[in-house]
Amino acid sequence: MLTVVLLVALRLSIGVHFLYEGVWKITNPQFSAEGFLANAKGPAAPLFYAMLPDINGRSRLKIEPAAVANPLRDAWRSYRDDLEKRVAGQLKDANDEASEQKLRDFQAGSLRALWEAEDKLGDFLRDERAEIVSVLARSAEEGKDAAEAAGKKLTDWVTRLGEIETQFADELADLHAAAVGGETSYTAIVPSAEKFDAKAALEAGKVSGAGGQVILAVERQMTGVHQYVDRWEKLRQGVANKYELSDSQKLQLQQIVRRYSQSVEDYAYDIQPDVAAYFAALDRWEARKYGGNNGAAHQKERIWGDMMKLRGEVGGWLGELDSMEEGLHNAMWDVLDESQRQRGDLPVAWTITDLLNFAVTWALTAIGFCLVVGLCTRFAALGGAVFLVFVLLTQPPWPTIYPPAPEVVGHALVVDKNFVEMVAMLVLASTAVGRWGGLDYFVENYALRLYEKVAKKSAKPDKAADA
């Protein structure tokens with residue numbers, strides 16, 4: 001009898017431990033398993049690092065040669081701003097509500113036209129990136145010969161850019177006519193229209209038009225941050241559909257995404273030299289870590305210390321980007337009215353880390369609850385034992401593993417508190433402890449017996465029919 005009582009007490013003790021761990025994580029949304037997994041050590045550490053997407057920032061902070069058309073994009077913004085000032089000046093004398101509405105309509109329409117043109121420009125640069133980089137890289141080395149060889153390509157590119165600009169200018173002209181009347185010529189909006197005469201000059205890795213303005217060039221950019229921008233654009237469309245936004249709300253949402261996208265681009269430009277140096281240091285660290293060593297204690301300590309230093313450095317940049325994303329979510333939420341907010345949270349896609357946090361939180365809660373009430377005890381105990389196996393693999397208490405556990409938690413050799421609790425879980429899984437003061441007693445003695453009775457009754461007519 002004493003054995004039964006002690007086993008039940010063991011089940012309840014471990015159950016309360018697991019249940020409290022799960023409930024604490026539920027009530028503290030800031031919980032994340034990322035820090036625990038990032039500090040994994042031992043031979044299984046790479047497995048847990050792989051659970052964290054882009055732990056070293058190689059994807060989100062990727063730097064590579066990219067095709068750019070910044071002067072062209074800046075010129076388009078200037079065309080739009082200049083025309084807005086002109087329209088405001090022409091409508092100023094009227095000073096009535098109708099004129100103010102026309103100005104607001106022009107501002108909203110011209111912004112949409114600019115954003116559409118910039119999106120088309122971005123799509124063009126992404127689609128042709130590899131070819132543009134290749135051609136302009138050759139031109140920097142071979143000069144005039146490369147320009148002649150790439151003549152058709154250059155003409156095609158300049159023509160496509162000219163089509164985008166022409167469409168943009170035509171939309172601005174229509175908006176101008178709707179606001180103040182009359183007709184506005186293409187050249188009045190785009191003073192340097194002659195640059196799209198398809199007579200591109202290729203010099204020193206840059207494509208310049210007849211007016212001398214750079215149309216295309218290649219720069220090393222942190223293209224990895226574009227995944228943030230792409231994700232925000234998809235979120236904008238999802239928010240617009242889910243909450244059925246008005247036209248003014250859609251415009252606000254576009255402005256928010258554009259503002260944060262520009263902030264990301266500016267931030268990436270500022271940190272790019274530091275990130276390039278970080279990647280060089282990361283390459284050297286990986287070569288040293290995986291290049292083979294004699295396993296000396298000082299080498300292990302240096303490798304671990306350098307890894308933590310690099311993780312801290314990249315964590316600051318990624319944290320800043322994630323903070324921008326959180327700010328964008330808050331800004332989007334502020335656009336919604338009360339009735340729209342009642343439709344639920346923003347349609348933000350879960351990341352692998354989010355799924356991992358959800359699984360850990362609710363697995364611990366379910367295991368703890370089942371152990372406390374004695375429901376499906378064997379399965380719960382086995383689940384808890386498996387979880388503890390993973391915990392042991394992240395922080396194995398082996399004497400050759402660096403870094404050792406801090407002395408404040410005690411000293412262990414292979415067997416530590418997690419190992420002991422895992423063995424206790426296996427003991428519970430091998431006994432009928434759930435039927436001793438638990439719901440498993442009722443499940444097995446009533447539910448299963450009721451099922452057997454129903455099964456027997458349904459089997460009798462079948463036998464009679466066979467006879």
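The model shown is predicted, which means the values in this text are computed figures rather than measured ones. This chain uses plain numbering: 1 for the first residue, then up along the sequence.
The shortest distance between side-chain heavy atoms of Ile256 and Arg259 falls below 4.5 Å.
Applying the salt bridge (Lys or Arg N to Asp or Glu O under 4.0 Å) test to Lys250 and every residue at least two apart in sequence or in another chain returns nothing. The salt bridge (Lys or Arg N to Asp or Glu O under 4.0 Å) search around Asp156 returns Lys152, not counting sequence neighbours. Every ring-ring contact (aromatic ring centres under 6.0 Å, His included) that Trp317 has, sequence neighbours left out, goes to Tyr278. With sequence neighbours excluded, the residues that form a side-chain hydrogen bond (donor to acceptor under 3.5 Å, both in side chains) with Asp354 are Thr351.
Pairs passing the salt bridge (charged side-chain N to carboxylate O under 4.0 Å, His left out) check and including a residue from residues 276-285, sequence neighbours excluded, read Arg58-Asp283. Sorted by first and then second residue, the salt bridge (charged side-chain N to carboxylate O under 4.0 Å, His left out) pairs with a member in residues 4-31 read Glu21-Lys25; sequence neighbours excluded. The side chain to side chain donor-acceptor pair (under 3.5 Å) analysis of residues 387-398, with sequence neighbours excluded, yields no pairs. For residues 365-388, the pairs satisfying side chain to side chain donor-acceptor pair (under 3.5 Å) are Thr377-Asp440, with sequence neighbours left out. Residue pairs meeting the ring pair (Phe, Tyr, Trp, His ring centres under 6.0 Å) criterion with at least one member in residues 225-265: none, sequence neighbours excluded. Sorted by first then second residue, the side chain to side chain donor-acceptor pair (under 3.5 Å) pairs that include residues 38-48, not counting sequence neighbours, number zero. Among residues at least two apart or in separate chains, side chain to side chain donor-acceptor pair (under 3.5 Å) pairs with a member in residues 27-38 are Asn28-Gln30. Within the structure, the salt bridge (charged side-chain N to carboxylate O under 4.0 Å, His left out) test picks out the following pairs touching residues 322-336 (sequence neighbours left out): Arg231-Glu325.
A distance of 5.0 Å separates CG of Leu216 from CD1 of Ile132, quoted to the nearest 0.5 Å. Taking CG of Asp247 as the start and CG of Leu251 as the end, the distance is 9.0 Å to the nearest 0.5 Å. With rounding to the nearest 0.5 Å, the separation of CG in Leu426 from OG1 in Thr431 is 11.0 Å. Of the inter-residue distances, the one linking Leu83 atom CG with Ser78 atom OG reads 11.0 Å to the nearest 0.5 angstrom.
Between the side chains of Ser110 and Glu84, no donor N or O sits under 3.5 Å from an acceptor N or O. Using modelled atom types, one finds no donor on one side chain facing an acceptor on the other under 3.5 Å when comparing Arg258 with Gln255.
Heavy atoms from other residues, nucleotides or ligands lying under 6.0 Å from NZ of Lys62 number 12 at most. Within 6.0 Å of the CZ atom in Phe36, the count of heavy atoms belonging to other residues, nucleotides or ligands exceeds 12. The neighbour count for Phe390 CZ, taken as heavy atoms of other residues, nucleotides or ligands under 6.0 Å away, does not exceed 12.
A distance-only check finds no donor-acceptor pair linking the side chain of Asp416 to the backbone of Pro397 [under 3.5 Å]. Of the possible polar contacts, one joining the Arg311 side chain to the Ala38 backbone as a donor-acceptor pair under 3.5 Å is found. Side-chain atoms of Lys120 do not come within 3.5 Å of backbone N or O of Glu165 as any donor-acceptor pair. In this structure, the side chain of Ser323 does not engage the main chain of Gly319 through any donor-acceptor pair within 3.5 Å. A donor-acceptor pair under 3.5 Å links the side-chain atoms of Gln340 to the main chain of Asp337, judged by distance alone. For Glu131 (side chain) and Glu128 (main-chain N/O), no donor-acceptor pair under 3.5 Å exists by modelled atom type. With Arg129 contributing its side chain and Pro65 its backbone, the two residues share a donor-acceptor pair below 3.5 Å. Arg60 places a side-chain N or O within donor-acceptor distance of the main-chain N or O of Asp54, the cut-off being under 3.5 Å. Proximity of a side-chain donor or acceptor of Trp285 to a complementary backbone N or O of Ile303 within less than 3.5 Å is detected. Between the side chain of Arg73 and the backbone N or O of Glu118 there is no donor-acceptor pair closer than 3.5 Å.
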Inset, instruction - Go through the steps to decide whether Asp306 and Lys309 satisfy the test salt bridge (charged side-chain N to carboxylate O under 4.0 Å, His left out), and finish with yes or no. - result: CA-CA 5 Å; Asp306 289 347; Lys309 181 180 178 181; over 6 Å; no

Inset, instruction - May I have the step-by-step check of side-chain hydrogen bond (donor to acceptor under 3.5 Å, both in side chains) for Asn241 and Gln237, ending in yes or no? - result: CA-CA 6 Å; Asn241 294 332; Gln237 296 172 1; over 6 Å; no

Inset, instruction - Take Glu233 and Arg236 through the salt bridge (charged side-chain N to carboxylate O under 4.0 Å, His left out) test and state the conclusion after the steps. - result: CA-CA 5 Å; Glu233 180 59 28; Arg236 180 188 69 80; 2.5 Å; yes

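Under the side-chain contact (heavy atoms from CB on, under 4.5 Å) test applied with Met425, the options Val420, Ile367, Val389 reduce to a single match, Ile367.
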